[in-house]
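Below is one structure, written out as structure tokens; the observations come after it.
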Amino acid sequence: MPIKAPKGTRDILPEDIYQWNFVEEKFANLCKRFGYKEIRIPVFEHTELFQRGVGDTTDIVQKEMYTFLDKGGRSISLRPEGTAGVVRSFIEHGMSSLPQPVKLFYQITAYRYENVQKGRYREFNQFGAELLGASDPAADVEIITLLALFFQDLGIKNLELNLNSIGCPKCRGEYNKKLRAYLESKIEGMCDTCKDRFHRNPLRILDCKEETCKSIVKDAPALLDNICDECRDHFKKVTDKLNAIGIIYNIDKGIVRGLDYYTKTVFEFVSRNIGSQGTVCGGGRYDGLVEECGGPPTPGIGFALGVERLLLEMQNQGIEIPKPEAPDIYIGAIGEKAELVSERLAWQLRQHNITCIKDIMGRSVKAQMKYADKIGANYVLILGDDEIETNKAKLKDMRTGDTKDITLDTLIDRLIKNKA
RNA sequence: GUGAGUAUAGCUCAGUUGGUUAGAGCGCCAGGUUGUGGCCCUGGAGGUCAUGGGUUCGACUCCCAUUAUUCACCCCA
């Protein structure tokens with residue numbers, strides 16, 4: 001039995017890689033335009049980091065992490081997301097002593113043990129950015145505008161931006177009391193997971209998809225209507241700024257986010273066209289996270305964007321990504337003498353930054369021509385005894401089919417000129 | 001963890017009420033033209049019919065299990 005890629009993983013093949021390179025480069029350039037710097041973090045971390053950072057009560061930590069003991073007996077987990085690792089690095093390298101704010105971006109794979117479906121894999125790719133040290137609503141807006149501009153740059157239209165505020169620990173505590181009071185009498189009518197949530201994290205009951213829970217929750221007090229003055233003011237400033245820029249959004253009181261660290265602003269960009277996993281990007285503010293992970297009190301906000309979903313959406317919208325450039329020239333040879341010359345020629349061409357494919361199969365001229373055609377070479381040069389003797393050859397333009405006599409010494413200059 | 005669909009060549013798929021050497025198109029290799037691609041023609045390589053068991057004189061076809069895969073639930077990027 002041949003070995004196949006494990007469930008939920010996939011190869012990105014040479015024929016598709018240009019799409020990935022394209023969005024990766026676009027994202028990196030955009031982040032730099034906003035003053036963000038790239039950071040690379042480990043694929044695995046101490047399990048405890050995610051337990052503390054992502055949250056012990058979350059599905060991600062409870063049932064989706066790839067966790068194992070290494071040979072030293074340490075509990076290690078593959079990162080299920082990027083923020084916790086970035087925050088750990090921020091603390092470990094004393095980045096709170098850097099000029100504030102600290103702006104970071106990354107392009108990572110992440111790992112979650114889940115059942116696979118469209119737009120969801122066990123190994124998946126995320127683009128993310130984290131803005132640390134800035135508590136002002138302007139920081140929230142910067143992160144959202146970065147994303148809006150990214151989608152605009154790529155030509156993606158009609159992604160819905162959903163916004164909510166889930167308050168700070170202070171007002172959320174108040175709200176949890178209110179919510180519990182409201183739900184207490186109705187607890188018997190709720191599903192089993194929600195009965196559990198009632199004690200652990202009643203907020204997430206708001207997000208339950210069970211009909212019975214939904215109907216109970218429908219008339220529950222909304223979190224957004226019960227946040228404290230400071231949080232309300234923060235949220236208003238965020239929406240005022242978005243209005244001023246002209247970024248369209250919905251306020252969605254149901255967004256809770258599955259990670260425990262979020263505070264105040266939470267948001268997501270959603271597509272309706274790419275299956276049931278339509279959240280292309282999710283993010284929010286996490287003012288307590290750095291401290292929770294053992295660093296100095298530091299506000300932060302960031303997001304993670306699912307690259308597989310991004311590409312699905314681009315495909316869905318018919319957005320064309322420029323294909324990679326074709327090889328400049330194919331050099332074929334007949335006979336050993338010509339082969340030696342073609343080796344030297346190819347070496348020189350490549351030194352001059354010209355993409356040159358040469359024959360390494362010793363095949364017939366016809367086979368070589370067919371191959372040159374299939375790889376999309378712009379020009380073909382076939383060398384034989386005649387060419388070596390006269391130092392001249394026919395340079396064939398594969399598009400038009402025209403051939404032109406050239407001397408071998410002028411080939412490089414000619415190709416360089418063609419490229420320009 | 002749960003539910004449903006699917007599994008035949010590298011890819012996309014045929015394969016009759018169960019019948020003997022399992023097919024096509026595309027792709028790959030070669031030849032037709034021993035020095036010039038695309039079009040055309042000819043030939044070749046490539047299959048434990050997902051795996052294991054069962055029913056049957058006989059199974060790609062029917063039944064069961066397993067695995068993989070797709071979509072969905074939960075949840076999330």
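Proteins come first, then strands; the chains are lettered A, B, ... in the order of their sequence lines, and each starts at number 1.
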Verify the contact: side-chain N or O of A:R120 to OP1 or OP2 of B:rA72, cut-off strictly under 4.0 Å; return yes or no.
no
Indicate, yes or no, whether a donor-acceptor pair under 3.5 Å links the base of B:rG37 to the side chain of A:K396.
yes
Ignoring backbone atoms, establish whether A:S276 has a side-chain N or O less than 4.0 Å from OP1 or OP2 of B:rC73.
yes
Distance check, C1' atoms only: B:rC60 and B:rA4, in whole angstrom units.
24 Å
With rounding to the closest Å, how many angstrom separate the C1' atoms on B:rU42 and B:rG47?
24 Å
For A:T57 and A:Q62, test the side chains for any donor-to-acceptor distance below 3.5 angstrom and give the result as yes or no.
no
Phosphate contact (B:rU69 OP1 or OP2) by A:K7 side-chain N/O below 4.0 Å:
yes
Provide, to the nearest angstrom, the distance between the CD1 atom belonging to A:I60 and the P atom belonging to B:rC75.
12 Å
Would you please indicate yes or no on a ring centroid separation below 6.0 angstrom for A:F27 and A:F150?
yes
Atom NZ of A:K366 and atom C1' of B:rA30 are separated, to the nearest Å, by 10 Å
With RNA chain B as reference, determine whether A:K63 or A:D385 sits nearer its 5' end, using the nearest nucleotide of each.
A:D385
On RNA chain B, nearest-nucleotide positions of A:V307 versus A:A377: which is more 5'?
A:A377
At under 4.0 Å between heavy atoms, what does A:R10 touch on the DNA or RNA strands: base, sugar-phosphate, or nothing?
nothing
Any idea which of B:rG35, B:rA72, B:rC76 is nearest the A:D386 side chain?
B:rG35
Taking atom types as modelled and ignoring hydrogens, do the side chains of A:S77 and A:T67 form a donor-acceptor contact shorter than 3.5 angstrom?
yes
Take atom OH of A:Y261 and atom C1' of B:rA77, then tell me their distance rounded to the nearest Å.
11 Å
Suppose you measure atom P in B:rG10 against the same atom in B:rU67; what distance do you get, rounded to whole Å?
24 Å
Please classify the nucleic acid contact of A:A372 as base, sugar-phosphate, or nothing, using heavy-atom distances under 4.0 Å.
nothing
Rounded to whole Å, please give me the gap between NZ in A:K337 and C1' in B:rG35.
16 Å
Take atom P in B:rU8 and the same atom in B:rU70, then report the distance between them in whole Å.
14 Å
Do A:Y121 and A:E308 have side-chain atoms, one donor and one acceptor, less than 3.5 Å apart?
no
B:rA7 to B:rU51 separation - C1' atoms, rounded to the nearest Å:
11 Å
Which value, in whole Å, describes the distance between the P atoms of nucleotides B:rU55 and B:rU12?
35 Å
Residues A:N164 and A:D252: side-chain donor-acceptor under 3.5 angstrom
no
With P as the reference atom in both, quote the distance from B:rG18 to B:rU56 in angstrom, rounded to an integer.
16 Å
Is the distance from the ring center of A:F151 to that of A:F269 below 6.0 Å?
yes
By the 4.0 Å heavy-atom rule, please label A:G119 as base, sugar-phosphate, or nothing.
base
Measuring to OP1 and OP2 of B:rC73, would you say a side-chain N or O of A:Q117 lies under 4.0 angstrom away?
yes
Could you tell me the separation between the CD atom of A:E268 and the P atom of B:rC76, rounded to a whole number of Å?
10 Å
Using distance alone, with no hydrogens and no angle criterion, decide if A:S271 and A:E313 have a side-chain donor and acceptor under 3.5 Å apart.
yes
Please work out if A:Y371 contacts a base, only the sugar-phosphate, or nothing of the nucleic acid, heavy-atom cut-off 4.0 Å.
nothing
Report yes if at least one side-chain N or O of A:K374 is closer than 4.0 Å to OP1 or OP2 of B:rC28; otherwise report no.
yes
Which nucleotide wins on minimum distance to the side chain of A:E64, given the candidates B:rA68, B:rA77, B:rC75?
B:rC75
Measure from CD1 on A:I274 to P on B:rC76 and round the result to the nearest Å.
17 Å
Going by distance alone, is a donor N or O of one side chain under 3.5 Å from an acceptor N or O of the other, for A:T400 and A:D402?
yes
Could you please name the option among B:rC71, B:rC75, B:rC73 that lies closest to any side-chain atom of A:E114?
B:rC75
A correct dot-bracket answer for RNA chain B, with pairs being Watson-Crick or G-U at under 3.5 Å, [ ] for crossing pairs and | for inter-strand pairs, is (((((((..((((.....[...)))).(((((.......))))).....(((((..]....))))))))))))....
Identify which nucleotide among B:rA30, B:rG37, B:rC76 has an atom closest to any side-chain atom of A:M369, counting heavy atoms from C-beta outward.
B:rG37
Do A:T109 and A:N125 have a side chain donor and acceptor closer than 3.5 Å?
no
Categorize A:V280 for me: base, sugar-phosphate, or nothing, with a 4.0 angstrom heavy-atom threshold over every strand shown.
sugar-phosphate
Using a 4.0 Å heavy-atom cut-off, does A:N125 contact any base of the nucleic acid, only the sugar-phosphate backbone, or nothing at all?
nothing
Side-chain contact check for A:V365: nearest option of B:rA77, B:rC73, B:rG35 is B:rG35
Under a plain distance cut-off of 3.5 Å, with no hydrogens placed, do A:Y113 and A:E64 share a side-chain donor-acceptor pair?
no
What is the distance from CG of A:L395 to P of B:rG37, rounded to the nearest Å?
16 Å
Would you indicate what A:G401 reaches in the nucleic acid, counting non-hydrogen atoms under 4.0 angstrom: base, sugar-phosphate, or nothing?
base
Give A:G282 one of three labels, base, sugar-phosphate or nothing, depending on what nucleic acid heavy atoms sit under 4.0 Å from its own.
sugar-phosphate
Do A:R309 and B:rC76 have a side chain to base donor-acceptor pair shorter than 3.5 Å?
yes
Nearest-angstrom distance from the residue atom CD of A:E15 to P of B:rC26:
19 Å
Below 6.0 angstrom between ring centroids: does that apply to A:Y36 and A:F105?
no
C1' atoms of B:rG58 and B:rG44, separation to the nearest Å
33 Å
Residue A:E387, side-chain atoms from C-beta onward, closest of B:rG35, B:rA77, B:rG31:
B:rG35
Heavy atoms under 4.0 Å, any strand shown: does A:Q277 hit a base, just sugar-phosphate, or nothing?
base
